[in-house]
Amino acid sequence: MYIFLDESGDLGFDFSKAHTTSHLVITVLVARDKTGFERAVKRTLKNKVNRRRNSVNEIKGSDTAFEVKKYFYNTLLKYETDFEIYAVILNKRRVYKYLSSEPEMLYAFLSKFLLEKCPFEQAIDRIILTIDKRSRKQGVESFNKYLLSYLKAQLPKIDIYHNHSYASKGLQAVDLFCWGVFRKYERKDAEWYDMYKDKIRFETMYLPQK
């Protein structure tokens, strides 16, 4: 079983700054086989992104046109790729101050919360968890320790890797889906989200508005 984890939004809590987001979305992509994602991303890059002699090696939700996302998703469906999406949306404006001062631990907690929803019992062999490489080394080590203390107790056959998105087609796929969930909540824009929403098995707002 392959699991890819990524986020959209930021971990800042100074809402006086223009670019601080109101939400942080963490999304998990679960697949039994990653071949379909690899092929769909490669075809999208070749046929839609690099048609004019560009040398882009990844697609990202934030700077990919809707038509390109649509092409990627339709290509993915042609490969009959079996996958599920899980997402947690943090309402940052309701986070307690003492938690906002520990953003990395908050990120790890929400990741654990989301991973608990995944169907690990369906894994036939090892579970490979790949996370977008976003933290300093110290942050990665504390993140792994926190997750492993939970996961290893229940899942002795799990490996956790932190990788750059340009080196992982699965991370690029989850980035696209995560961005769609983020746009739905942050900008009330569900155009891209609506295309794949039937693949979402779990979606919840953490600390919703009262």
Side-chain angles (χ1 to χ4, degrees), residues 1-10 21-52 54 56-92 110-111 113-115 117-119 122 128-132 134 163-206 208:
M1 177 181 286
Y2 294 92
I3 302 175
F4 301 93
L5 185 150
D6 196 16
E7 86 285 338
S8 289
D10 61 67
T21 62
S22 295
H23 301 90
L24 173 72
V25 176
I26 299 177
T27 302
V28 165
L29 176 63
V30 179
R32 279 65 183 174
D33 189 339
K34 62 179 181 178
T35 305
F37 296 105
E38 293 175 345
R39 291 178 175 176
V41 170
K42 287 180 180 178
R43 286 196 63 179
T44 303
L45 286 169
K46 179 181 178 181
N47 297 337
K48 292 296 181 179
V49 179
N50 292 323
R51 294 177 64 183
R52 297 181 179 180
N54 294 330
V56 177
N57 58 7
E58 67 175 309
I59 48 178
K60 296 184 70 65
S62 59
D63 55 15
T64 300
F66 173 70
E67 289 304 317
V68 177
K69 293 186 178 79
K70 184 177 179 180
Y71 177 87
F72 159 78
Y73 189 65
N74 288 334
T75 302
L76 189 61
L77 294 181
K78 288 179 181 178
Y79 289 123
E80 299 183 349
T81 307
D82 182 21
F83 68 96
E84 299 174 349
I85 298 169
Y86 299 75
V88 58
I89 303 92
L90 174 66
N91 178 10
K92 290 165 52 184
L110 289 171
S111 297
F113 169 81
L114 190 57
L115 287 167
K117 312 303 178 184
C118 295
Q122 298 178 17
I128 309 298
L129 170 59
T130 305
I131 301 165
D132 189 33
R134 52 175 295 280
N163 209 345
H164 294 289
S165 58
Y166 62 77
S168 170
K169 302 298 189 292
L171 284 178
Q172 292 177 49
V174 72
D175 177 86
L176 290 171
F177 296 133
C178 189
W179 188 86
V181 178
F182 176 76
R183 288 288 295 185
K184 173 189 172 183
Y185 288 91
E186 187 77 5
R187 302 294 183 187
K188 309 300 182 186
D189 172 15
E191 183 180 33
W192 166 228
Y193 170 93
D194 285 342
M195 280 204 68
Y196 61 84
K197 64 183 179 181
D198 63 319
K199 294 291 186 178
I200 298 177
R201 297 294 175 264
F202 178 82
E203 177 183 344
T204 190
M205 173 72 75
Y206 201 85

* **Distance (rounded to the nearest 0.5 Å) between F72 CZ and T64 OG1** => 10.0 Å

* To the nearest 0.5 Å, how far apart are NZ in K184 and OH in Y193? -> 3.0 Å

* What are the two closest heavy atoms between G9 and L24, and how far apart are they? -> C-CD1, 4.0 Å

* Asked: Step by step, would you call E38 with Y79 a side chain to side chain contact (heavy atoms under 4.5 Å, CB included)?
  -> CA-CA 11 Å; E38 293 175 345; Y79 289 123; over 6 Å; no

* Given the rule in the side chain to side chain contact (heavy atoms under 4.5 Å, CB included) test, do V68 and T44 qualify, once you have shown the distances and angles that lead to the verdict? -> CA-CA 7 Å; V68 177; T44 303; 3.5 Å; yes

* **pair Y196-K69: side-chain heavy atoms closer than 4.5 Å** => no

* Non-hydrogen side-chain atoms of V174 and T130 separated by less than 4.5 Å -> no

* Asked: Between D175 (side chain) and K60 (backbone), is there a donor-acceptor pair under 3.5 Å?
  -> no

* Structure fact -> CD of Q172 to CD1 of I59, rounded to nearest 0.5 Å, is 5.5 Å

* Output field: ring centroids F83/F177 closer than 6.0 Å -> yes

* Think K117 forms a cation-pi with F113, using NZ or CZ under 6.0 Å from the six-ring centre and within 45 degrees of its axis? -> yes

* Asked: Just wondering, do I85 and K197 contact through their side chains at under 4.5 Å, heavy atoms?
  -> no

* Would you name the heavy atoms of K199 and T81 that are closest together and state the gap between them? => NZ-O, 4.2 Å

* **Heavy atoms from other residues, nucleotides or ligands near CD of E80 exceed 12 (cutoff 6.0 Å)** => no

* For Y166, does the OH atom have more than 12 heavy-atom neighbours from other residues, nucleotides or ligands under 6.0 Å away? -> no

* **Residue Y2 excluded, over 12 heavy atoms near OH under 6.0 Å** => no

* Full working for side chain to side chain contact (heavy atoms under 4.5 Å, CB included) between L171 and E58 -> CA-CA 10 Å; L171 284 178; E58 67 175 309; over 6 Å; no

* Considering non-hydrogen atoms only, spot the tightest contact between N163 and S168 and give its length. => ND2-CB, 4.3 Å

* Structure fact -> Tightest non-hydrogen contact, residues L114 and V88, listed as CD1-N, 3.9 Å

* Asked: Measuring from W179:CH2 to D63:CG, what's the distance to the nearest 0.5 Å?
  -> 9.5 Å

* Taking atom CG of L176 and atom OG1 of T27, what is their separation to the nearest 0.5 Å? -> 11.0 Å

* **Contact summary for M205 and Y185, nearest pair of heavy atoms** => CE-CD2, 3.6 Å

* **Worked check of side chain to side chain contact (heavy atoms under 4.5 Å, CB included) between K169 and K42** => CA-CA 8 Å; K169 302 298 189 292; K42 287 180 180 178; 3.8 Å; yes

* To do: Determine yes or no for a side-chain-to-main-chain donor-acceptor pair under 3.5 angstrom, with D6 supplying the side chain and S8 the backbone.
  => no

* Structure fact -> In terms of heavy-atom contacts, K92 and H23 come closest through CD-C, 3.7 Å

* Asked: Can you find a pair of side-chain heavy atoms, one from Y86 and one from P119, that are under 4.5 Å apart?
  -> yes

* **Rounded distance (nearest 0.5 Å) linking atom CZ of F37 with atom CG of D33** => 9.0 Å

* E186 versus T21, side-chain donor and acceptor atoms under 3.5 Å -> no

